[in-house]
Amino acid sequence: MKWEGQRESDNVEDARGGGGRGGLPIGGRGIGLGGIVIALLASWVLGVNPLTVLGLLGGGGDGAAVQAPAGDSHAQDPAYRFVKVVLADTEDVWGAYFQRGGQQYPNPKLRVFRGSEPTACGTGEAAMGPFYCPADRKVYIDLSFYDTLRERLGAPGDFAQAYVIAHEVGHHLQNLMGTTAKMDQARGRVSEREMNAMSVRLELQADCFAGVWASLSQRSKGWLEQGDIEEALNAASQIGDDTLQKRARGSVVPESFTHGSSAQRVRWFKRGLDAGDLKACDTFSSATL
């Protein structure tokens, strides 16, 4: 992914402080990713990825890291610059998409933190992985997540990391479209199993939106390289509920799924990628996932 030299978003907040580490392997160049019931609840409430559920996030990796120069607030940290570039491209893609429909796209903020962070949805923890908070329209990420993505889950590559951000921005789109509000209204009115099933459709739609972004971004910039799409597909597969549950527990409980199986996540990302249109991502009306 040819990201160097691309526009960096101004809508990124760095809440890490200090001189810290980056934790992001860019393009293979080695720059340093509980209780299941409680974790499932956290996964739904904050819309975070199911790695929380399975205790796979250790709060930071031991991989090689780039040390940001003291006093520059990580401004030249490659990990930080990378997420700014990806966010900027989502702004460009969705801004143009909404404009074609006669609408304006309000950009989300992306907040980089370390350890824990207060949000309008409650306290965000590094162990939750990246998440989107609809109440403040912000994407939150502790960059140590990328160590886990690469080292523990077998999903290396810069475009795998870009997919993660695009998925969370997909939740922002759902918030703008009113889908998130409808899900909130349903909570408490349906059974836990039904709520989990709705959550799966929400997450698969965000995967599809990420695929649409990848398609439109490539048409505009042509910045993807050989193997980039495969990196994203591999990441989608590695964080499927069935794959994660099997890895953590040795068994799979489909009724507890909140994000979809590996095959489903790959399928919906590819559907968005092939179509390049949000209209292809109606997971809620689809008879099969």
Exercise for the section: Quick one: sort the Tyr163 and Phe269 rings into parallel, tilted or perpendicular, breaks at 30° and 60°. Expected result: perpendicular
Handout entry: Smallest separation among heavy atoms of Cys281 and Val212, with atom names
Key = SG-CG2, 3.8 Å
Exercise for the section: For the pair His171 and Tyr132, name the ring-plane relationship: parallel under 30°, tilted 30 to 60°, perpendicular over 60°. Expected result: parallel
Fill in the blank from the handout: Closest heavy-atom pair, Ala162 versus Trp213, reported as atoms and distance to 0.1 Å, is CB-CH2, 4.1 Å
Exercise for the section: Tell me yes or no: between the side chains of Trp223 and Ser217, is some donor less than 3.5 Å from an acceptor? Expected result: yes
Practice task
Check whether any side-chain heavy atom of Pro130 lies under 4.5 Å from a side-chain heavy atom of Tyr140, and answer yes or no.
Solution key: no
Problem - Closest non-hydrogen atom pair between Arg114 and Asp142, with its separation - result: CA-OD2, 3.3 Å
Handout entry: Heavy-atom check, side chain of His259 versus side chain of Val200, under 4.5 Å
Key = no
Problem - Arg7 atom CZ, neighbour heavy-atom count above 12 within 6.0 Å - result: yes
Problem - Side chain Asp228, main chain Glu225, donor-acceptor under 3.5 Å - result: yes
Problem - Under 3.5 Å donor-acceptor, Ser9 side chain and Ala88 backbone - result: no
Exercise for the section: Taking the side chain as every heavy atom from C-beta outward, state whether Lys138 and Thr119 have any atom pair closer than 4.5 Å. Expected result: no
Exercise for the section: Please round to the nearest 0.5 Å and tell me the distance separating atom CD of Glu91 and atom CG of Leu87. Expected result: 4.5 Å
Handout entry: Side-chain donor/acceptor of Gln218 to backbone N/O of Leu224, under 3.5 Å
Key = yes
Exercise for the section: Give the ring-plane orientation class for Phe82 versus Trp3, where under 30° counts as parallel, over 60° as perpendicular and anything between as tilted. Expected result: perpendicular
Fill in the blank from the handout: So CG of Asp207 and CD1 of Ile239: to nearest 0.5 Å the spacing works out to 7.0 Å
Do any side-chain atoms of residues 99-112 form donor-acceptor pairs under 3.5 angstrom with protein atoms, and if so which ones, sequence neighbours left out?
residue : atom : partner : partner atom : Å
Arg111  : NE   : Glu117  : OE2          : 2.3
Arg111  : NH1  : Glu13   : OE1          : 2.9
Arg111  : NH2  : Glu117  : OE2          : 3.0

Handout entry: Heavy-atom pair with the smallest gap, counting every atom of Phe159 and Ala232
Key = CD2-CB, 3.6 Å
Problem - Side chains of Asp77 and Arg81 in contact at under 4.5 Å (non-hydrogen atoms) - result: no
Exercise for the section: Show your reasoning for whether side chain to side chain contact (heavy atoms under 4.5 Å, CB included) applies to Gln6 and Asp89. Expected result: CA-CA 9 Å; Gln6 299 286 349; Asp89 192 69; over 6 Å; no
Handout entry: Close side-chain approach of Arg247 to Leu153, heavy-atom, < 4.5 Å
Key = yes
Exercise for the section: Could you walk me through whether Ser199 and Asn196 pass side chain to side chain donor-acceptor pair (under 3.5 Å), step by step? Expected result: CA-CA 5 Å; Ser199 176; Asn196 285 346; 5.9 Å; no
Problem - Side chains of Met177 and Leu278 in contact at under 4.5 Å (non-hydrogen atoms) - result: yes
Problem - Heavy-atom side-chain proximity of Met183 to Phe284 below 4.5 angstrom - result: yes
Handout entry: From CA spacing to verdict: side chain to side chain contact (heavy atoms under 4.5 Å, CB included), Leu176, His172
Key = CA-CA 6 Å; Leu176 299 177; His172 177 62; 3.7 Å; yes
Completion exercise
One should read off an interatomic distance between Lys246 NZ and Asp241 CG, to the nearest 0.5 angstrom, of 12.5 Å
Practice task
Report yes or no: does Arg193 contribute a side-chain atom to a donor-acceptor pair with the main-chain N or O of Glu255 at less than 3.5 Å?
Solution key: no
Exercise for the section: Report yes or no: do Val253 and Leu244 belong to one cluster of Ile/Leu/Val/Met/Phe/Trp/Tyr joined by side chain heavy-atom distances under 4.5 Å? Expected result: no
Problem - Point-to-point distance, once rounded to the nearest 0.5 Å, from OG of Ser144 to CZ of Arg16 - result: 10.5 Å
Practice task
Evaluate the side chain to side chain contact (heavy atoms under 4.5 Å, CB included) criterion for residues Glu168 and Ile141: first the C-alpha distance (whole Å), next the side-chain angles of each, then the deciding distance (0.1 Å), finally the verdict.
Solution key: CA-CA 10 Å; Glu168 299 307 330; Ile141 184 171; over 6 Å; no
Practice task
Answer whether the closest heavy-atom distance between the side chains of Tyr146 and Arg150 falls below 4.5 Å.
Solution key: no
Exercise for the section: Check step by step if side chain to side chain donor-acceptor pair (under 3.5 Å) holds for Ser261 and Asp242. Expected result: CA-CA 5 Å; Ser261 70; Asp242 53 343; 4.6 Å; no
Problem - Backbone N/O of Ser285 and side chain of Asp282: donor-acceptor pair under 3.5 Å - result: yes
Handout entry: Smallest separation among heavy atoms of Leu204 and Gly260, with atom names
Key = CD2-CA, 4.3 Å
Practice task
Calculate, to the nearest 0.5 Å, the distance between atoms CZ and CD belonging to Arg265 and Glu203 respectively.
Solution key: 6.5 Å
Handout entry: Heavy atoms from other residues, nucleotides or ligands near NZ of Lys270 exceed 12 (cutoff 6.0 Å)
Key = no
Exercise for the section: Walk me through it: do Thr123 and Ser116 pass the test side chain to side chain donor-acceptor pair (under 3.5 Å)? Expected result: CA-CA 7 Å; Thr123 301; Ser116 64; over 6 Å; no
Exercise for the section: Assess whether atom CZ of Arg219 is packed by more than 12 heavy atoms of other residues, nucleotides or ligands within 6.0 Å. Expected result: yes
Exercise for the section: Looking only at non-hydrogen atoms, find the nearest pair between Asn175 and Pro134 and report the distance. Expected result: ND2-O, 3.2 Å
Practice task
Say whether, by atom type as modelled, one donor and one acceptor occur between the side chain of Gln238 and the main chain of Ala235 under 3.5 angstrom.
Solution key: no
Problem - Candidates Leu173, Asp92, Leu216 - the one meeting side chain to side chain contact (heavy atoms under 4.5 Å, CB included) with Tyr97 - result: Leu216
Practice task
Rounded to the nearest 0.5 Å, what's the gap from CG on Leu202 to OG1 on Thr258? Could you check?
Solution key: 10.5 Å
